[in-house]
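Below you'll find the structure, written out as structure tokens, and then a few comments.
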Amino acid sequence: QVQLVESGGAAVQAGGSLRLSCAAFGASKSPGSRFCMGWFRQAPGKEREGVAHIDSHYNARYADSVKGRFTISKDNAGNTLYLQMDSLKPEDTAIYYCAADPGACPSGAWWHASDFHYWGQGTQVTVSS
């Protein structure tokens with residue numbers, strides 16, 4: 001069992017930056033170091049969409065909508081996942097969720113919520129114009 005707790009969500013103006021954090025706890029030692037870890041977001045009235053994910057070897061993949069603006073990373077122990085968000089836009093407004101899965105990270109350009117087994121409760125990010 002893995003528990004994920006997000007923090008760092010806030011209200012910012014367009015062009016600003018935020019860093020989200022996700023602390024991973026579980027019966028397995030340092031789950032974040034061995035699992036595929038990712039960030040998703042869900043805007044009102046829309047489906048949950050993948051933002052970025054990172055595997056145990058620190059290979060990262062990003063959705064086209066955030067490439068060049070967002071950076072996913074994790075600490076060496078693998079217990080904390082981060083999402084650095086720069087040049088924020090109003091369309092980035094959503095609830096951001098941390099996710100983890102013991103399997104390999106999805107290999108395609110698109111990935112789905114069903115690819116991940118464990119979820120955090122989410123943190124709200126609001127970007128005003």
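Quick note: numbers below take in every heavy atom, side chains included, and nothing from hydrogens, waters or symmetry partners. Quantities reported herein were computed from a predicted structural model and do not represent experimental measurements.
Closest heavy-atom contact between Q124 and A94: NE2-O, 3.4 Å. When every heavy atom of G50 is checked against every heavy atom of A63, the shortest pair comes out as O-CB, 3.4 Å. The two residues G108 and R61 have their closest heavy-atom pair at O-CD, 3.3 Å.
Here the rule is side-chain contact (heavy atoms from CB on, under 4.5 Å) with L20, and of M85, Q84, E6 only M85 fits it.
Under the side-chain hydrogen bond (donor to acceptor under 3.5 Å, both in side chains) criterion, E49 pairs with R41, not counting sequence neighbours.
Atom-to-atom distance recorded for N59:CG and I72:CD1 is 11.5 Å, nearest 0.5 angstrom. We find the OG-CG distance between S129 and L88 to be 13.0 Å, quoted to the nearest 0.5 Å. Taking CD1 of I54 as the start and SG of C36 as the end, the distance is 9.0 Å to the nearest 0.5 Å. With rounding to the nearest 0.5 Å, the separation of OG in S65 from CD in E91 is 9.0 Å. In this structure, S7 OG and R19 CZ are separated by 9.0 Å, a value rounded to the nearest 0.5 Å.
Under the 4.5 Å side-chain heavy-atom criterion for Ile, Leu, Val, Met, Phe, Trp and Tyr, Y118 and L81 are members of the same hydrophobic cluster. F35 and F40 fall into different hydrophobic clusters, defined by Ile, Leu, Val, Met, Phe, Trp and Tyr side-chain heavy atoms under 4.5 Å apart, directly or through other members.
The closest donor-acceptor contact from the side chain of K74 to the backbone of M37 lies at 3.5 Å or more, if one exists at all. S17 places no side-chain N or O within donor-acceptor distance of the main-chain N or O of D86, the cut-off being under 3.5 Å.
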Exercise for the section: Please step through salt bridge (charged side-chain N to carboxylate O under 4.0 Å, His left out) for the pair D92 and R69, ending with a clear verdict. Expected result: CA-CA 11 Å; D92 294 319; R69 300 188 299 120; 2.8 Å; yes
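Under the ring pair (Phe, Tyr, Trp, His ring centres under 6.0 Å) criterion, no residue pair touches residues 73-97, with sequence neighbours excluded. Sorted by first and then second residue, the ring pair (Phe, Tyr, Trp, His ring centres under 6.0 Å) pairs with a member in residues 52-80 read H53-W111; sequence neighbours excluded.
The pair K67-D64 meets the salt-bridge criterion, since a charged nitrogen lies less than 4.0 angstrom from a carboxylate oxygen.
Annotation: side chain of D115 is not in contact with side chain of D101 (no heavy-atom distance under 4.5 Å). The shortest distance between side-chain heavy atoms of W119 and C98 does not fall below 4.5 Å. You'll find the side chain of T71 stays beyond 4.5 Å of the side chain of L83, heavy atoms only. Between W39 and C22 the shortest side-chain heavy-atom distance falls below 4.5 Å. Residues V125 and L18 meet the side-chain proximity criterion, which asks for heavy atoms closer than 4.5 Å.
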